[in-house]
Amino acid sequence: MHAIVAIKQVPDTSNVRINPETGTLIREGVPAIINPYDAHAVELAVRLKRQFGGKVTVITMGPPKASEALVECAEQGADRGILISDRKFSAADTLATSYVLARTIEALMAEGPVDLLLFGKQAIDGDTAQVGPGVATRLGLPLISYAVGVESFDPIARTGVVHRRTERGIEVLQTTLPALLTVEKEIAAIERAPLADVIRAAQYTPEVWSASEPVAFDVAKIGIKGSPTIVGKAYTPPPKKAGAAVKVAEKGVASTVTEALAKVKAAGVVKI
Amino acid sequence: MSDTKRIWVLIEQEEGKAHPVSWELLGAAQRLAAELPGAVVEGVLLGDGVEGIAAEAYRYGATKVYLIDDPVLNVYRNAPYAYGIANLVKKYTPEIFLVGATTLGRDLASAIATRVATGLTADCTELAIDPDKHILAATRPTFGGNLMATILCKTQRPQMATVRPRVLPSPTPAETGAGELVREPLGMTEADVAVKLLKVIPTDSGEQVDIEYADVIVAGGRGLGAPEGFKLLEELAELLGGVVGASRAVVDAGWINVSRQIGQTGKTVRPKLFIAAGISGAIQHRVGITGSDFILAINSDPNAPIFSVADYGIVGDLYEVLPELINQIKAQRAGHGAPEVAHA
Ligand SMILES: Cc1cc2nc3c(=O)[nH]c(=O)nc-3n(C[C@H](O)[C@H](O)[C@H](O)COP(=O)(O)OP(=O)(O)OC[C@H]3O[C@@H](n4cnc5c(N)ncnc54)[C@H](O)[C@@H]3O)c2cc1C
Ligand SMILES: Nc1ncnc2c1ncn2[C@@H]1O[C@H](COP(=O)(O)O)[C@@H](O)[C@H]1O
């Protein structure tokens, strides 16, 4: 069994702050983490490896620092990490990113059979949820997005049954393998890694692929050149003017509530 | 007519029922069309036996509907839907293509954009036509709602965007409407589709509430202190004909089902009245509620950020305020009138 997981290192957005003057991110002191959904994807891959034997490869496109994230995946039990890194990749939008990841996966598929491709449901820095479906489309592989569980997985018969969450409920889908899944956190709870994996990871240095080696990427399709979208402007959302606030401690609860009800009524939005 | 600029909207349907976000997008498309010379608003509809939905789309302003009706499209699956629509895009070359940012829409839009190699902006909260460049300016929150970014797609076409349900107002449909139906074949058979739907396990019906389209929402957060606090919210919601919503903190704590979660990673709502009780109002929560007509916030901390978006705020303990609110509403309904306001 060979599973490939695409991961992204992202700033921990719960700690992100914006410089209100420049409208840019203050990155200092903001820890870089593995995109939370991706960590669960790695966990699923490692679990399947333990069950069926085989290997897990983790790939990421990003700056040299993103190598740290691959080492963390090795700690989690991944066997091989590939950092796809080159200045030429920078400022890629989702179309350019899916191109690079799809070509990388093709190169890995040329080395030997692959059963499963795993992506996070979305990356928390951009929340686009586009890269996984984009890669599946480029590779012409079945896509199951928002996967919450694997009911069955058979690398010999090359089929699997996957649960997917939608607005109307859980869809139970059968697919041929290889397939591409984008996963929710429920796909696999993260367990403590065995000590052997942690020790191995401490020695592990991920491979680095550039824009020309071992895959020669089409320069027109990568980075800013390969990105149809650009950011026109970025700004901090203007604060809304706050309405009045009354304090129960000052007016007592009965009259505070009466006043509030009167305000709601005056706004004429609902009949009380 | 080569200078016609088609603005397309995906008419999303499942089980023969159109998703209301489709109408919100047709409304937005008409506003964009008014700013773009030569623009026409058209719908794209796929499914199995769904022709009847086209008539609805005309009432919401579509002048034409492109229909692919085929048994393979009976249930939504990415590959045949993306294939069919990508072929329509290649044939009719729309200028702009809007899709709802639902589970289905996000899955689909990305596959279409990849097939036709164009730019797609996800989860937009605002759409406009750039007055100088005459292109779509799609604005979306990024980095957890801390930053707004306006995205442009300069050369590739169509310019694609997904928009979440309820971010845009719902238009009122015309009494009648007429348009042209353009049928196209799918060009794919069931044998070509690798993914099969075995069954759907419906969401527990008790939990399946349409909070996105509720007129009144009474939402609670960690300030409730315990899951039992939701009983009080339910009582108030029922009195007002509304539903109960929640912050992510209490969903994560397991106090209430995730279908109730409001905010960036939950649902966007735009009720007439939103009551927030014991919710601090973190940015990720606020982005989901700013479309509300009236926000009443109840929080014991006068500095809670929820007050910055509230139309009216009560600084106090929700366990004092909510029972009083319930009592006064009941008293007014019983015809006793409101108690006199005691002026200090
Ligand atoms: C990437 C990301 C995405 C997120 N997405 C969402 C999202 O979609 N939706 C969401 O809601 N959050 C989201 N969050 C979490 C968000 O940042 C907040 O942590 C969360 O909204 C806090 O929930 P809360 O207001 O219930 O809890 P708290 O922040 O703990 O606030 C509780 C409030 O209750 C008040 N209180 C306490 N006791 C009482 C009382 N007796 N009476 C009245 N008031 C009282 C307190 O003063 C306090 O303001 C997200 C975070 C991240 C990082
Ligand atoms: N630069 C990247 N390198 C590797 N994987 C990525 C990268 N960007 C996105 N992904 C994958 O695509 C998923 C969705 O990302 P996004 O479409 O940006 O929300 C992530 O959870 C990752 O699995």
Side-chain angles (χ1 to χ4, degrees), chain A residues 13-14 16 18 23 25 93 95 98 125-130 133-134 137-138 142-146 166-176 228-237 239-240 242-248 251 253-261 263-264 267 269-270 272, chain B residues 14 78 82 102-103 106-107 110-111 114-115 118-123 137 142-144 146-154 156 194-203 215-216 240 272-273 293-294 296 307-316 320-321 324-325 328-329 332 338-339 341-342:
Chain A
T13 46
S14 52
V16 162
I18 303 292
L25 288 182
D93 71 1
L95 192 73
S98 73
D125 54 354
D127 288 320
T128 74
Q130 287 169 9
T137 303
R138 286 182 184 278
L143 163 71
I144 299 179
S145 58
Y146 305 97
T166 73
E167 276 95 354
R168 59 185 182 143
I170 302 291
E171 290 181 354
V172 181
L173 297 157
Q174 183 173 49
T175 181
T176 55
T229 60
I230 56 158
V231 179
K233 66 171 185 202
Y235 57 97
T236 42
K240 184 187 150 184
V246 284
K247 296 190 170 131
V248 170
K251 298 212 168 182
V253 67
S255 58
T256 307
V257 166
T258 308
E259 271 183 46
L261 264 179
K263 287 280 182 214
V264 174
V269 288
V270 287
I272 299 287
Chain B
E14 265 189 303
N78 180 277
T102 56
T103 305
R106 289 175 124 208
D107 181 90
S110 175
T114 308
R115 280 177 185 271
T118 194
L120 168 63
T121 307
D123 268 7
T142 58
F143 291 98
N146 289 290
L147 194 64
M148 302 299 290
T150 301
I151 312 290
L152 308 170
C153 176
K154 283 194 166 157
Q156 259 83 346
V195 176
K196 310 284 172 201
L197 178 69
L198 302 180
K199 64 174 176 206
V200 179
I201 307 164
T203 311
D215 278 340
V216 176
L240 296 171
K272 296 191 165 80
L273 174 63
D293 288 338
F294 194 94
L296 173 65
F307 289 122
S308 71
V309 293
D311 295 278
Y312 200 71
I314 300 179
V315 181
E320 258 188 86
V321 174
E324 179 65 21
L325 197 56
Q328 288 198 20
I329 293 170
Q332 289 187 19
V341 177

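This one's a predicted model, so the numbers in the text were calculated from it and none came from an experiment. Convention: sequence-line order gives letters A, B, ...; per-chain numbering from 1.
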The interface call for B/D107 against chain A, heavy-atom contacts under 4.5 Å, is both
Of B/A137, B/A111, B/A82, the largest count of non-hydrogen pairs under 4.5 angstrom with chain A goes to B/A111
If one checks every heavy atom of B/N78 against chain A at 4.5 Å, the contacting part turns out to be side chain
Most contact-rich option vs chain A, by heavy-atom pairs under 4.5 angstrom, among B/E14, B/K154, B/R115, is B/E14
Pair count under 4.5 Å, heavy atoms only, with chain B: among A/G126, A/A267, A/P228, A/P142, highest is A/P228
Per-residue tally against chain B (heavy atom, under 4.5 Å) across A/V264, A/D93, A/T256 peaks at A/V264
With a sphere of 6.0 Å drawn around NZ of B/K196, does it hold more than 12 non-hydrogen atoms of other residues, nucleotides or ligands?
yes
Of the listed A/T175, A/V248, A/I170, the one with the largest count of heavy-atom pairs under 4.5 Å with chain B is A/I170
Most contact-rich option vs chain A, by heavy-atom pairs under 4.5 angstrom, among B/L197, B/T118, B/V321, B/V309, is B/L197
* Asked: Do the non-hydrogen side-chain atoms of B/F294 and A/V270 ever get within less than 4.5 Å of each other?
  -> no
Assert top hit (heavy-atom pairs under 4.5 Å, partner chain A, pool B/D123, B/I314, B/D293, B/D215) equals B/I314
Counting heavy-atom pairs under 4.5 Å with chain A, the top scorer among B/T142, B/V216, B/T150, B/T121 is B/T150
Bottom line for B/L240: the part with an atom under 4.5 Å from chain A's heavy atoms is side chain
Counting heavy-atom pairs under 4.5 Å with chain B, the top scorer among A/L95, A/V231, A/V257, A/I272 is A/V257
The interface call for B/L325 against chain A, heavy-atom contacts under 4.5 Å, is both
Answer key: most heavy-atom pairs under 4.5 Å with chain B among A/A244, A/A129, A/P133 is A/A244
Pair A/T229-B/L120, side-chain contact (heavy atoms from CB on, under 4.5 Å): steps then yes or no | CA-CA 7 Å; A/T229 60; B/L120 168 63; over 6 Å; no
Correct closest heavy-atom pair for A/V269 and B/K272 would be O-CD, 3.1 Å
Closest non-hydrogen atoms of A/T176 and B/A194, given as atom of the first, atom of the second and distance, are OG1-CB, 3.5 Å
Between A/A242 and B/F307 the two heavy atoms that sit nearest each other are CB-O, 3.2 Å
Okay, B/V195 and chain A: the region with an atom under 4.5 Å from a heavy atom over there is both
task = State whether the side chain of B/T103 and the backbone N or O of A/T166 hold a donor-acceptor pair below 3.5 Å, judged by distance alone.
result = no
Turns out that what part of A/L143 lies under 4.5 Å from chain B's heavy atoms comes down to both
* To do: Please answer whether the main-chain N or O of A/L261 pairs with a side-chain N or O of B/Q328 as donor and acceptor at a distance below 3.5 Å.
  => no
**Asked** Going by atom types only, do B/T102 and A/E167 share a side-chain donor-acceptor pair under 3.5 Å?
**Response** no
- [ ] Answer yes or no: is there a side-chain heavy-atom contact under 4.5 Å between B/I201 and A/V172?
- [x] yes
Of the listed B/L273, B/L296, B/I329, B/L198, the one with the largest count of heavy-atom pairs under 4.5 Å with chain A is B/L198
Value for NZ (B/K199) from CD (A/E171), rounded to nearest 0.5 Å, stands at 13.0 Å
When the 4.5 angstrom heavy-atom criterion is applied to B/Q156 and chain A, the contacting part is side chain
Smallest heavy-atom separation, A/G134 atom then B/S110 atom, equals N-OG, 3.7 Å
In terms of heavy-atom contacts, A/R138 and B/T114 come closest through CG-CG2, 3.5 Å
Note: A/G232 and B/L152 closest approach over all heavy atoms is CA-CD1, 4.0 Å
